[in-house]
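Each ligand, and each atom within it, is numbered from 1 in the order the structure gives.
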Amino acid sequence: MAENTAGLRGVSAGETALCTVGQSGTGLTYRGYDIHDLAEKAEFEEVAHLLVYGHLPTQAELDAYRERLQGLRELPVALREVLERIPASAHPMDVMRTGCSMLGNLETEADFSEQDWHIDRMLAAFPAIITYWYRYSHQGERIDTRSDEPSTGGHFLRLLHGATPDPTHVAVMQASLILYAEHEFNASTFTARTCASTLSDLHSCIAGAIGTLRGPLHGGANEAAMAMIENWQTPDEAERELLGMLERKEKVMGFGHAIYRKSDPRNAIIKAWSKRLAKEVGDDRLYPVSERVETVMAREKGLFCNADFFHASAYHFMGIPTALFTPIFVISRLTGWAAHVKEQRANNRIIRPSADYTGPELQAWTPIDQRG
Ligand code: COA
């Protein structure tokens with residue numbers, strides 16, 4: 001394979017009307033809307049509606065959509081039983097994958113005319129799946145996953161903390177969910193589309209995408225960034241340790257990007273929220289450490305923060321356990337994945353690329369007693 005296309009970099013693998021990355025606006029658009037406008041002005045459910053149903057909802061449509069989602073938040077008993085059997089030591093992304101798959105066993109998508117109902121159901125149920133498991137396995141509590149929080153971000157925080165969420169935290173969660181909702185043909189979305197192209201069911205497409213997002217080179221980077229910065233007490237210590245990492249040629253999670261070359265447009269938005277939260281909680285460690293890491297990475301490697309880096313501190317300031325960072329990404333990206341599955345199904349041809357063969361030439365069969 002020619003070097004510059006390794007990892008299919010620069011290769012167009014299909015068409016989409018959903019998203020552009022590094023092409024227009026401030027660098028990321030969903031159906032033609034700039035990410036800065038969406039993150040500043042929209043509710044996450046408006047963006048979910050835009051992606052899944054193709055247009056920004058009217059007020060009446062948004063109200064009806066939110067009401068529909070609220071009505072789908074309770075988990076089936078059999079799913080709760082499965083979640084209770086998953087140990088506290090499990091990886092939360094494995095919990096999400098199993099939860100999604102179990103939902104597919106209980107509520108199988110019989111044919112594609114049902115896809116919208118299942119997408120709504122998953123969007124309503126995913127915050128419940130992760131928080132139900134977390135609260136049961138870590139705190140021994142069986143929570144009621146119904147809530148009248150109108151927003152997905154507020155609902156997640158309420159289930160996680162068992163209390164009315166702080167309005168600023170709800171706003172941060174909603175913005176975060178918007179930032180993570182869609183990103184063109186990234187690895188997990190491509191997995192979902194490949195699965196959809198075989199005419200498989202929605203839950204299989206999403207379960208495959210969750211498995212792909214789990215890796216630290218993709219969604220797992222926000223957790224990995226947190227694990228790194230929480231070790232450092234001061235910006236000077238961070239700089240010292242970071243220089244050591246770079247010398248040892250270690251990857252620094254939360255930096256760099258496969259498509260963006262100069263900056264990730266999502267970073268400035270989540271960084272501003274992280275700064276505000278740092279002030280509110282009186283942090284004088286994590287945020288200054290994060291800023292120093294950003295400065296050193298730019299100076300030493302010319303690398304910039306991607307969306308994941310300042311998400312780590314922002315989530316931490318809201319009391320979200322590190323292990324739940326990537327599942328939040330799932331709750332959000334589900335909308336992008338589902339929109340891509342719909343798009344693939346609407347104009348499908350099975351995805352089946354070719355490979356450049358690098359194995360042996362054609363050779364004669366060797367009987368077993370003549371091998372070795
Ligand atoms: N830390 C240290 N070095 C990095 C780096 C990072 N986070 N990201 C890229 N580099 C280095 C690469 O190792 C490469 O160096 P080399 O040529 O000596 O091998 C060089 O910068 C160019 O890499 P690039 O081609 O731009 O990256 P990619 O397209 O292969 O990979 C990522 C993109 C996102 C997988 C990669 O930047 C990475 O692993 N980042 C950390 C994980 C992460 O934050 N993922 C979330 C993405 S939203």
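In the model, T212 has no side-chain atom that pairs as donor or acceptor with a side-chain atom of S188 under 3.5 Å. Between the side chains of S197 and R349, no donor-acceptor pair is found at a separation under 3.5 Å. Y30 and D37 share no side-chain donor-acceptor pair at under 3.5 Å.
Partners of D166 under the salt bridge (Lys or Arg N to Asp or Glu O under 4.0 Å) rule, at least two apart in sequence or in another chain, do not exist in this structure.
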What short N/O contacts, under 3.5 Å, does ligand 1 make with the protein, listed by atom pair and distance?
| unit_1 | atom_1 | unit_2 | atom_2 | d |
| --- | --- | --- | --- | --- |
| ligand 1 | 1 (N) | V252 | N | 2.9 |
| ligand 1 | 7 (N) | V252 | O | 2.7 |
| ligand 1 | 7 (N) | F255 | O | 2.9 |
| ligand 1 | 26 (O) | R261 | NH1 | 3.3 |
| ligand 1 | 29 (O) | R9 | NE | 3.4 |
| ligand 1 | 29 (O) | R9 | NH2 | 3.1 |
| ligand 1 | 37 (O) | F255 | O | 3.4 |
| ligand 1 | 39 (O) | K251 | NZ | 3.1 |
| ligand 1 | 40 (N) | F255 | O | 2.9 |
| ligand 1 | 44 (O) | G254 | N | 2.8 |
| ligand 1 | 44 (O) | N306 | ND2 | 2.9 |
| ligand 1 | 45 (N) | L217 | O | 3.1 |

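Taking the six-membered ring for Trp and the full ring otherwise, the centers of Y260 and H183 sit less than 6.0 Å from each other. In this structure, H257 has its ring center at least 6.0 angstrom away from the ring center of F304.
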